[in-house]
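Taking it in order: structure first as C-alpha cells, then the write-up.
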Number of protein chains: 2
Amino acid sequence: MILELTERRQRILKLVIQEYIESPAKPVASETLLKKYQLQYSSATIRNELAALEDLGLLTHLHTSAGRIPTDAGYRYFVENLMDRQALSPQEQRTIQHQFYQVRSELDQWIHLAAAVLARTAHNAAVVTPPRAYEVRFKHLELIAIYETVVLLVLVLHDGTIKQQSLTTEQPNSQEDLSNLAQYFNQRLEGATLDLLEGRVTVPDEPPLTPFARMALDVIARAMRQLEGQINEALHHDGLLEMLGQPEFAQVDRVKQLLRILEQGVGIGTLIPQALNSEGVQVVIGGEHGQDTMREYSVILSRYGRSGEVAGVLGVIGPTRMPYPRSISSVRYISSVMSDLLAELYGERSSSA
Amino acid sequence: MILELTERRQRILKLVIQEYIESPAKPVASETLLKKYQLQYSSATIRNELAALEDLGLLTHLHTSAGRIPTDAGYRYFVENLMDRQALSPQEQRTIQHQFYQVRSELDQWIHLAAAVLARTAHNAAVVTPPRAYEVRFKHLELIAIYETVVLLVLVLHDGTIKQQSLTTEQPNSQEDLSNLAQYFNQRLEGATLDLLEGRVTVPDEPPLTPFARMALDVIARAMRQLEGQINEALHHDGLLEMLGQPEFAQVDRVKQLLRILEQGVGIGTLIPQALNSEGVQVVIGGEHGQDTMREYSVILSRYGRSGEVAGVLGVIGPTRMPYPRSISSVRYISSVMSDLLAELYGERSSSA
DNA sequence: GTTTAGCACTCACAAGGTAAGAGTGCTAAA
DNA sequence: TTTAGCACTCTTACCTTGTGAGTGCTAAAC
C-alpha cells in the first residue's frame, strides 16, 4: 500500500509520532503540537489533518476526547518515509569500539557485551545469538584425563563453538592413550560434517574402533547434532531492567509477556532465522507478521557476520512506541562492529560495514 | 534470644504462618483460624494469644482492624522450631534424578538445569554458581590454528572450567608448531597455580620463550587471574517468571528490586562466599543480616560439592513469605544431587547426602 | 486464673456522585 | 481552505458514604 500524503500531513504525522515517543506514551493533542512546534496553522486545522490521518489508518484515538496515538501502520510509514536516519555520534561509536576492543580476544564475552551495549545504547531490551557457522563442522578434539576413569572431552567446532562433555570409562585411561586417540581423530575428522564423521574413521581395511573411541565418536556426533538446530535456544538477552521504567510496563502482566518473549523466544522464534538470511536491518512493528504475542512489541534485528559462513543475529525488542531512529542506528552499528570482529577472527573474507 | 512459648502459642503461630503463606499474603484473622483448623478455644482466646505473640515480636498488624502477619522474627522461629521438615516426595526425587541423569555428561548444562529445576520445585527464583575449585590450577592447554594468523587458545582448568581466547600473530602458524607448544606447556604447567606459572616455563639454563609462547602464557595468566575472584559474576538465575504471579510483585518496583538482586547480585554478594564455606542449608530471612535491599526477601542457600575442593552454591530467593519447608527441602535435595554429580566427576572423595 | 460472649471501635475498600480539565468534532463565518 | 467558538465526551481526581472485616476490651462464666 503506497500512501500519498501531502507534505503537511507528513509533517504532522512525524511530529505526532516523535512527540508520542518522547512524551512518553501520552496521547498527542492538536494544541500541544501547535504550541510546542509553533506550527503556522491553527489547532482546528491540525485537528482536521489529524482526523484525515486517522481515516487513513495511521493514527487512532483511545476515546473521543483523547489525543492521537500512532497505529502500527503509522509507525511503519514513519520508519519508511519520515524518520531522520542519523548514525550514532562519533563519540558513542568510539566508546562502543573501545569496549569491544577490550574483549576482542575473549570469544565467550562477545555476546554478553553486545547485548549489554545494545540494550544501553538503544534504551531497550537486546537479544543476541552467538555466532554460528551455517554448517556444523569438526575442528578439533581434546581428551583430558580428569580422574582415573573420567575423561573430559572438549570438542571445538569449525566456528569456534566449544562443547565440553565428560566420559566415564570402565578401565583407567592414561593421558598418553587419550592424546593419541585425540590426535587420530583430529587427523581423520578435520573439517568433517556430521554425516561424514562415521566414514572418516571406520575404514574397511583398518582395525575397528575401540569401545572407548566408539563412545567418544558417539558423543561428538550427538553434540554436533544438538548444535545444528540450536539457534533459538542460545538466545541471550539483556536490558530488561532498562525497560521496566517505561509506562508500558506499569502492570506486571506486560512484564510477564516480555519475559516469555525474551526467555522462551515466544514470538521471535521465526524472526531470527529470517534475519539470519536477510541483508540489512529488519524492522517488525507490532502484530505485522500476524504474531499475536507481539502485537504490542516491535523488533529490530540484523545479522552480523556473513550469510552462509559464520554469523549470528542481534537486535532490539521494545514496545511499539520505541525510538526507532536510535534503535535502528544502534542495531546497524553494533552489527557492523560484530561483523568486523568475526572477520578478524576468520580472515578477511568479510567486508567491513 | 531464646523464646519459651507455650504449646498453644506455638501451635497458633505455626498456623498463622502457614495460613499466611498459603492464603496467599492475606492477613490472618482469629475467626479464620478457628473455622479452618477447628481449634478448641474461642476466637477471643485466639485473639488474646495473637496479641501476646505480637508483644513478643513474632507477629504484626498493618492496622488495628487487620489480621496478623508474621515478622522476620516470626518466620525465624517458625523455621527453627515449628516447621515440618518433610523431604521431597520419592516421586519428585525420581523426576529430578532423571533430569540430571540425562545431562550428567554435559557439564555446561548442569547449572542451567539446576536453576530451572530448583525454581520449579521451590516455586521461586533460583540462583546457581558454577562449580569452581577453591584454587585455580592449570590443567590443559590447546592451541588451534583457526586461520593463518589467528589461533584459538582453549584453556582447561583443573576444575573443568574452560576459557577460550583468540590470539592474533604476526606470522602464520602451523598447527604442528602450535601442538608442540601446547604439549610443552602441558608438560610443564600441569597442576600449576597462578603464581607458579612463570617459574615452570622460564628456567635459567633453557632458551627463553618465543614471543608467541610468551603471549600465550600471558593470556593464560590473565584468564586464571580473572577466574580467581569471579564467583559472583558467574551467578546464573532462573524462575523469574515463576514469581511474578505472586501478590508481592503486583507493582513493578518490586520486580525491579528483584532483578537488581538476581542480575547484579546486589544484596546477595556477601551471602554466597559465606554459604560456600558453611555446612548445610543457610536461611536468611528478610533484613536479618542488615542488608536493606533484602528487607523483603529471604534467601536459602547451600553449597554443593566439597568445601576446599570443587564446589558451588545454589539457592532460592523469594519474598519473606515463602514456603520455607519446601524451599529448604528443594535446596537440600538438589545440592545433594549436584554433589553426587561432582563426586562422580572428580572421584569418590565426596560423600553422598 | 482462664476462657468466652458481647459489643464498641477502627480501618480498608468499594460504590457512587461530583467537579474539573483536557481535547475533540462540528458549525458557521472569515 | 482556514479558523474561531462552543457543545459534547470522556477521564481523572476527589470526596463522601456505607459496609464488612476484624480487633480490643470488658464483664461475666467457668
Side-chain angles (χ1 to χ4, degrees), chain A residues 4-13 15-17 19-20 22-71 74 247-248 250-251, chain B residues 4-13 15-17 19-20 22-71 74 247-248 250-251:
Chain A
E4 290 292 341
L5 291 190
T6 64
E7 192 145 342
R8 192 166 74 183
R9 285 187 186 164
Q10 292 195 5
R11 183 161 177 218
I12 289 178
L13 177 60
L15 290 178
V16 169
I17 292 182
E19 181 63 21
Y20 184 66
E22 285 165 30
S23 46
K26 297 223 180 304
V28 183
S30 53
E31 203 78 33
T32 313
L33 287 178
L34 180 62
K35 272 192 225 142
K36 200 154 180 180
Y37 302 97
Q38 287 148 26
L39 301 184
Q40 303 306 314
Y41 11 92
S42 76
S43 67
T45 307
I46 298 176
R47 277 202 291 285
N48 287 336
E49 295 292 51
L50 290 175
L53 287 166
E54 182 161 356
D55 288 343
L56 291 168
L58 301 171
L59 296 176
T60 350
H61 255 159
L62 291 176
H63 53 89
T64 344
S65 72
R68 293 317 203 288
I69 60 175
T71 61
E248 274 83 354
Q251 40 210 7
Chain B
E4 289 292 340
L5 290 189
T6 63
E7 191 145 343
R8 192 166 73 184
R9 286 186 185 163
Q10 292 196 4
R11 186 163 175 214
I12 289 177
L13 177 59
L15 289 179
V16 169
I17 293 181
E19 181 63 22
Y20 185 66
E22 286 164 29
S23 43
K26 297 221 179 307
V28 183
S30 53
E31 203 78 34
T32 313
L33 287 178
L34 181 63
K35 271 191 224 146
K36 200 154 178 180
Y37 301 98
Q38 287 149 26
L39 301 184
Q40 302 305 313
Y41 11 90
S42 76
S43 68
T45 308
I46 298 176
R47 277 201 293 283
N48 287 334
E49 295 291 52
L50 290 175
L53 287 166
E54 182 162 355
D55 289 342
L56 291 167
L58 300 173
L59 295 177
T60 347
H61 255 160
L62 291 176
H63 53 89
T64 345
S65 73
R68 293 313 200 291
I69 61 174
T71 62
E248 275 83 354
Q251 40 209 8

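In what follows, chains are A, B, ... by sequence order, proteins preceding strands, each numbered from 1.
With hydrogens and angles ignored, a donor-acceptor pair closer than 3.5 Å exists between the side chain of A:S65 and the base of D:dT9.
With values rounded to the nearest 0.5 angstrom, A:H61 atom NE2 is found 8.5 Å from A:H63 atom NE2. Between the CD1 atom of B:I12 and the OH atom of B:Y41 there is a distance of 5.0 Å, given to the nearest 0.5 Å. We find the CG-CD1 distance between B:L58 and B:I17 to be 7.5 Å, quoted to the nearest 0.5 Å. Atoms CD and CG, on B:E49 and B:L33 in that order, are 11.5 Å from each other to the nearest 0.5 Å.
Rounded to a whole Å, the NE2 atom of B:H61 is 17 Å from the P atom of D:dA21. With rounding to whole Å, A:I46 atom CD1 is found 13 Å from C:dG25 atom P. Atom CG of A:L33 is separated from atom P of C:dA22 by 16 Å (rounded to the nearest Å). Between A:L59 atom CG and C:dT24 atom C1' there is a gap of 14 Å when expressed in whole angstrom units. What separates NE2 of A:H63 from P of C:dT24 is a distance of 10 Å, to the nearest Å. Distance, A:L62 CG to C:dA22 P: 17 Å, rounded to whole Å. Summarising the geometry, the separation between CG on B:N48 and P on D:dA27 is reported as 15 Å, rounded to the nearest angstrom. A straight line from CD1 of A:I69 to C1' of D:dC10 spans 15 Å, rounded to a whole angstrom.
Residue B:S30 has a polar side-chain atom (N or O) positioned under 4.0 Å from OP1 or OP2 of D:dT23.
Residue A:L50 has its side chain nearest to C:dT24 when only D:dC10, C:dT24, D:dT23 are considered. Closest approach to the B:A51 side chain among D:dT9, D:dG22, D:dG24 is made by D:dG24 (side chain taken as heavy atoms from C-beta onward). Of the listed nucleotides (D:dG24, D:dT2, D:dC10), D:dG24 has the atom at the smallest distance from the side chain of B:R68. Comparing C:dC11, C:dT3, C:dG23 by their closest approach to the side chain of A:A29 singles out C:dG23.
Between A:E31 and B:R8, the residue anchored nearer the 5' end of DNA chain C, judged by the nucleotide with its closest heavy atom, is B:R8.
Looking at DNA chain C, the stems built from 3 or more consecutive Watson-Crick or G-U wobble pairs, each pair with its key distances under 3.5 Å, are C:1-30 with D:1-30.
Within 4.0 Å of B:T64, counting heavy atoms only, lie sugar-phosphate atoms of the nucleic acid but no base atom.
Between B:V28 and B:L50, the closest side-chain pair of non-hydrogen atoms is not below 4.5 Å. Taking the side chain as every heavy atom from C-beta outward, A:Y20 and A:L59 never approach each other to under 4.5 Å. Looking only at side-chain heavy atoms (C-beta outward), A:R68 and A:L53 stay at 4.5 Å or farther from each other.
When all heavy atoms of A:L39 and A:R11 are compared, the closest pair comes out as CD2-NH2, 3.7 Å.
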Report, one pair per line, the protein and nucleotides 4-7 of chain D atoms (nitrogen or oxygen only) whose separation is under 3.5 Å.
from	atom 1	to	atom 2	distance (Å)
D:dG5	O6	A:R47	NH2	3.3

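B:Y37 and B:E19 form a side-chain donor-acceptor contact under 3.5 Å, judged by distance and modelled atom types alone.
Judged by distance alone, the side chain of A:T71 and the main-chain N or O of A:G57 form a donor-acceptor pair under 3.5 Å.
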